[in-house]
Amino acid sequence: MTIKVAVFGVGLIGGSLALCLKGKPGITVIGHSHRPGSLNRMIERGVVDAATLSMEEAAADADFIFLCVPVGNLEEYLEKLYSLPLKPGCIITDVGSTKASVAECARRLSKPDIHFIGGHPMAGSERSGVDAASTLLFENAYYVLTPSPDVPEEAYSRLEQLLVYTRAQIVRVDPVMHDQIVGAISHLPHIIAVALVNQVCDYNGTNGLYRTLAAGGFRDITRIASSDPLIWRDILLSNRDVLLSLLRDWNDEIGSFIGLLEGQDGEGIRQAFEKANLFRGELPERRKGAITSLFDLYIDVPDTPGIIGQIATELGVRHINLSNMQIIESREDVPGVMRLSFRQEADMERAKEHLDSLGYSVYV
């Protein structure tokens with residue numbers, strides 16, 4: 001019996017899911033988009049078996065429906081789907097980074113023979129759109145599922161078994177608990193990065209040296225401040241109550257540092273850094289998380305004509321995929337530093353090994 005999977009929103013996440021499932025025994029993948037151009041591109045790339053502009057056609061007789069649309073559009077799509085004559089036993093899931101609000105919407109719309117199971121694959125890329133889709137996107141990543149208590153175990157198992165093709169590690173979490181955790185490890189850091197960059201931006205208005213000297217490390221630790229403003233507007237508003245609580249806690253943490261500095265409490269400062277150092281050292285390094293990992297190498301390079309092309313050629317002839325190159329003018333007082341960025345850790349490791357063998361000074 002053929003399993004029909006409908007994917008609404010075939011971009012980076014939806015396209016990667018489609019690629020993971022397409023061609024697997026007994027599975028047919030249908031893509032949906034409102035834009036003819038997007039429809040043509042997903043067909044050209046071979047991401048889906050078929051594509052349609054019709055929501056009704058995509059959803060008809062689907063065993064699984066993946067909503068890979070922005071968080072701000074999820075409730076609208078759910079309302080439309082629940083108004084359609086869906087196949088009994090159909091499982092609807094999403095890929096949004098907040099879960100409680102969409103779970104509540106699905107509860108309001110619920111039908112006895114339709115099952116909603118929230119989902120959040122913790123994987124991403126600096127690229128977007130269907131052209132960035134990859135079967136490797138979810139590999140070694142956590143894929144969180146947030147079923148409500150009334151979802152039958154049989155339905156949950158069916159979705160879990162389907163997602164085996166992503167090669168992600170499935171984690172089952174309550175929707176509210178999910179939002180609390182992801183709020184702390186992803187949404188709050190994005191707010192802090194934006195606030196920090198904006199603070200320095202304001203200082204730079206009266207002294208351009210702030211921007212000049214904010215290269216290297218400052219740029220690295222605040223990179224998530226470059227995230228899409230509209231997407232993050234919807235995410236933060238969707239997780240508003242959790243974030244308000246987290247921000248109050250954050251104010252308390254900052255207040256404690258103010259107290260340490262006002263009291264010239266050197267031992268308290270040392271203990272704060274030691275506590276953070278120990279906990280950070282326990283964090284897993286080899287698995288994808290809520291914030292996309294960076295796979296960057298830094299190379300000390302001489303001021304020699306053609307050096308950039310030389311290094312790029314060395315990597316290219318060995319089929320090592322490089323996503324970006326940048327010359328950093330000032331990084332902790334070390335001149336002539338090149339940053340090489342990779343999408344895959346394996347590519348970074350191969351590049352480091354080869355460049356080390358050529359005598360370059362390479363560090364992570």
Side-chain angles (χ1 to χ4, degrees), residues 3 5 7-31 38 41-49 51 64 66-69 93-97 119-145 159-171 182 185-186 223-224 227-228 231 283-297 312 315-325 339-354 364:
I3 296 172
V5 177
V7 180
F8 288 78
V10 188
L12 170 67
I13 301 295
S16 297
L17 279 166
L19 281 173
C20 289
L21 300 175
K22 183 175 178 287
K24 298 303 186 289
I27 297 177
T28 298
V29 181
I30 310 298
S38 299
R41 190 60 192 141
M42 68 177 86
I43 292 292
E44 289 169 5
R45 273 221 62 202
V47 172
V48 295
D49 294 300
F64 298 91
F66 285 85
L67 293 180
C68 305
V69 299
T93 186
D94 74 310
V95 298
S97 64
H120 179 196
M122 291 188 175
S125 168
E126 76 281 3
R127 300 170 64 210
S128 60
V130 68
D131 289 323
S134 167
T135 56
L136 300 176
L137 185 67
F138 309 109
E139 188 173 6
N140 201 36
Y142 289 111
Y143 197 124
V144 179
L145 294 179
L159 178 57
E160 189 177 39
Q161 289 166 14
L162 183 73
L163 291 174
V164 165
Y165 291 117
T166 66
R167 289 179 287 182
Q169 179 172 327
I170 308 301
V171 179
V182 175
I185 65 174
S186 175
R223 67 183 177 88
I224 53 177
S227 301
D228 187 294
I231 289 175
L283 301 179
E285 295 183 14
R286 298 279 176 170
R287 189 171 290 281
K288 300 172 184 176
I291 296 177
T292 305
S293 300
L294 280 177
F295 301 116
D296 286 350
L297 292 178
L315 299 180
V317 297
R318 282 159 182 79
H319 306 290
I320 299 173
N321 292 322
L322 182 66
S323 68
N324 197 15
M325 300 178 71
R339 173 169 38 210
L340 304 178
S341 299
F342 305 85
R343 296 189 186 95
Q344 303 295 330
E345 187 177 18
D347 286 329
M348 180 191 74
E349 291 174 346
R350 288 176 57 214
K352 185 177 187 309
E353 181 180 358
H354 181 59
V364 177

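- Of the possible polar contacts, none joining the R318 side chain to the H354 backbone as a donor-acceptor pair under 3.5 Å is found.
- Under the side-chain contact (heavy atoms from CB on, under 4.5 Å) test applied with F66, the options D94, V10, T93 reduce to a single match, T93.
- Rounding to the nearest 0.5 angstrom, the gap separating the CG atom in L12 from the CG atom in L137 is 5.0 Å.
- A pairwise comparison of heavy atoms in V29 and A18 identifies CG1-CB, 3.8 Å as the closest pair.
- Between I13 atom CD1 and H120 atom NE2 the span is 8.0 Å, to the nearest 0.5 Å.
- C20 contributes atom SG, which lies 9.0 Å from atom CD of E139 (distance to the nearest 0.5 angstrom).
- Rounding to the nearest 0.5 Å gives a distance of 11.5 Å between CG of L136 and OG1 of T166.
- To the nearest 0.5 Å, the span separating CG on D49 from CD1 on I43 amounts to 8.5 Å.
- A salt bridge links R41 to E44: one of the charged nitrogens lies within less than 4.0 Å of a carboxylate oxygen.
- Looking at every heavy atom in both residues, P121 comes nearest to V95 through CD-CB, 3.7 Å.
- To the nearest 0.5 Å, atoms NZ (K22) and CD1 (I30) are separated by 11.0 Å.
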| T135 and Y165: CA distance, side-chain angles, deciding distance, side-chain contact (heavy atoms from CB on, under 4.5 Å) verdict | CA-CA 9 Å; T135 56; Y165 291 117; over 6 Å; no

